[in-house]
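All chains are named by letter (A, B, ...) in the order of the sequence lines, taking the proteins before the strands, and each is independently numbered beginning at 1. Below, all heavy atoms of this structure are taken into account, side chains as well, without hydrogens, waters or symmetry copies. Everything quoted here is computed from the prediction, not taken from an experiment.
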Number of protein chains: 2
Amino acid sequence: MGRWEPDAAGRLREAAMALYAERGYDGTTVADIADRAGVTARTFFRHFADKREVLFNGSERLQQHMVAALAAAPADATPMEAMATAVLASAEFFDHIPREYSRDRAAVITSTPELLERELIKMASLGTALTQCLLERGVAPDVAALAAETGVAVFRVAFERWIGAPDDVPIADVIQATLKTLAGLTA
Amino acid sequence: MGRWEPDAAGRLREAAMALYAERGYDGTTVADIADRAGVTARTFFRHFADKREVLFNGSERLQQHMVAALAAAPADATPMEAMATAVLASAEFFDHIPREYSRDRAAVITSTPELLERELIKMASLGTALTQCLLERGVAPDVAALAAETGVAVFRVAFERWIGAPDDVPIADVIQATLKTLAGLTA
DNA sequence: CCCAGTGATGTCATTGACTGACATCACCGA
DNA sequence: TCGGTGATGTCAGTCAATGACATCACTGGG
């Protein structure tokens, strides 16, 4: 055993989720979170940039996963087909974490404007990354930006629908359905 | 003349824009802004919820304008046609303010993560409002959400392109072109 | 076996955003 | 003339966030 309990960041994440769900984001201080995790508030800020970031650590991995899927799409796919591949790839990400966790996390976030802001900037970052990836596939700048933003819109809408859907509905199905809705939208 | 100079909120807005552009958002304190506007920091918070909100006062009017346009769209228009009407209506809003102001404001916002977050939540709010409006037109929930989010994506992409375009290009033209790009995307 | 270096953490002080409670006082309407 | 109102000021306090510095188990070389 080391000098300190291992995985302070993980304990802080768990403590934050629990307290945000229990007392709400505003009713929770960083000191509360740190106490429950057995560290000091200063240590919290060594692991997370701010009080919001503690809930958004999976987002880089999700982004990487989707970007990788986009990059791996067939070279002859249209921009929108490639984006569809990327959005569908997000399903694998969510299959790896308990659905209940996703639901709780979404509930806390949507009920807290400050956390919602953070979530949105993650989505914007995702959009930028996907745009960049499309550009590298040779897609025209205007088309790339719009395709990426549209793809993110599909992801957001699908995720929200999935959260509210029965437990036996796989997220991949919801994404497929949302993509189909999009296709019908402009037809 | 009243006891105080009139329009404290307006002076605070101007002072904030000037200081954010000059020293950056982080390099500016609320006390700085209040000083330049000739009031105290406490008064700043009576007019604006926080240090970010002072740059986002036009956004409710923009949202109202777009919602009104959407509501006024022909009853037989498809969801996407109606959304196009709403997005195009935003042009009238920007025609009323100096382009240079829009550019400066956009420059400050895009270079400051905290302000970017606020901008994004305003866009999300716009999306929600447009979704609601589509629902009231009888559009199916799934279609409404997706159409609204897509419309917001078009607006965001078009605005960004407009900001970077020469001064003689009207925003309405850029929006038209972006809508055309979207149509080509799913074809 | 000892010792200097490393890294994760603690401690302390400070800044600045934001809030609640209360005071002030020109203005306005009865 | 007077009491009410509303925008502002003053003051004290909480909490997020950061910088500077101390601590000390662990590690690898001598």
Side-chain angles (χ1 to χ4, degrees), chain A residues 1-57 108-109 111-119 121-122, chain B residues 1-57 108-109 111-119 121-122:
Chain A
M1 197 186 87
R3 183 175 177 188
W4 293 282
E5 292 295 311
D7 195 23
R11 294 201 314 277
L12 284 165
R13 262 191 293 271
E14 278 184 35
M17 244 314 279
L19 290 172
Y20 290 170
E22 190 179 317
R23 319 179 189 171
Y25 175 84
D26 288 331
T28 305
T29 70
V30 171
D32 292 337
I33 301 170
D35 279 352
R36 186 191 266 232
V39 296
T40 64
R42 191 66 185 86
T43 292
F44 177 95
F45 289 108
R46 288 204 177 91
H47 286 279
F48 305 100
D50 57 48
K51 194 183 165 188
R52 302 156 207 89
E53 199 63 19
V54 67
L55 277 198
F56 294 90
N57 259 201
V108 172
I109 290 176
S111 66
T112 310
E114 286 177 90
L115 293 174
L116 198 48
E117 284 188 339
R118 184 53 52 87
E119 168 123 307
I121 210 170
K122 297 294 181 185
Chain B
M1 197 187 85
R3 183 175 178 189
W4 294 281
E5 292 297 310
D7 194 24
R11 295 200 313 277
L12 285 165
R13 262 190 293 273
E14 279 183 34
M17 237 327 270
L19 290 173
Y20 290 171
E22 190 180 317
R23 319 178 189 171
Y25 175 83
D26 288 331
T28 305
T29 70
V30 170
D32 291 338
I33 300 170
D35 278 353
R36 186 191 267 233
V39 295
T40 64
R42 191 67 185 86
T43 292
F44 177 96
F45 290 107
R46 288 206 178 89
H47 287 279
F48 306 100
D50 58 47
K51 193 184 165 187
R52 303 156 206 90
E53 198 64 18
V54 67
L55 277 199
F56 294 89
N57 260 198
V108 171
I109 290 175
S111 66
T112 311
E114 285 177 272
L115 294 173
L116 197 47
E117 283 187 338
R118 183 55 51 86
E119 169 122 307
I121 210 171
K122 297 295 181 184

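- The heavy-atom pair separating B:Val54 from B:Arg13 by the smallest distance is O-CG, 3.4 Å.
- Applying the salt bridge (Lys or Arg N to Asp or Glu O under 4.0 Å) test to pairs two or more places apart or on separate chains, those with a residue in residues 34-48 of chain A are A:Glu22-A:Arg36.
- The CZ atom of A:Arg46 sits 14 Å away from the P atom of D:dC21 (whole-angstrom rounding).
- Between B:Glu119 and B:Arg52, the closest side-chain pair of non-hydrogen atoms is not below 4.5 Å.
- Atom NE2 of A:His47 is separated from atom P of D:dT18 by 15 Å (rounded to the nearest Å).
- Nucleic acid contact for B:Ala8: sugar-phosphate only, since backbone atoms but no base atoms lie under 4.0 Å from a heavy atom of the residue.
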Handout entry: Contact letters for nucleotides 12-17 of chain D, in which S counts primed atoms plus P, OP1 and OP2 and B counts the base, heavy atoms under 4.0 Å
Key = ----SB
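- Counting to the nearest Å, the P atom of C:dC25 and the CH2 atom of B:Trp4 are 10 Å from each other.
- Distance alone, capped at 3.5 Å, is enough to place a donor-acceptor pair between the B:Arg11 side chain and the B:Pro6 backbone.
- Straight-line distance from the CG atom of A:Leu12 to the P atom of C:dA8: 14 Å, rounded to whole Å.
- Applying the ring-ring contact (aromatic ring centres under 6.0 Å, His included) test to B:Tyr25 and every residue at least two apart in sequence or in another chain returns B:Tyr20.
- Rounded to whole Å, atom C1' of C:dA17 lies 16 Å from atom CZ of B:Phe48.
- Whole-Å rounding puts the B:Asp35 CG to C:dA17 C1' distance at 15 Å.
- Between B:Val39 and B:Trp4 there is no side-chain heavy-atom pair separated by less than 4.5 Å.
- Of the candidates D:dA20, D:dA7, C:dA8, C:dA8 carries the atom nearest the A:Arg3 side chain, counting heavy atoms from C-beta on.
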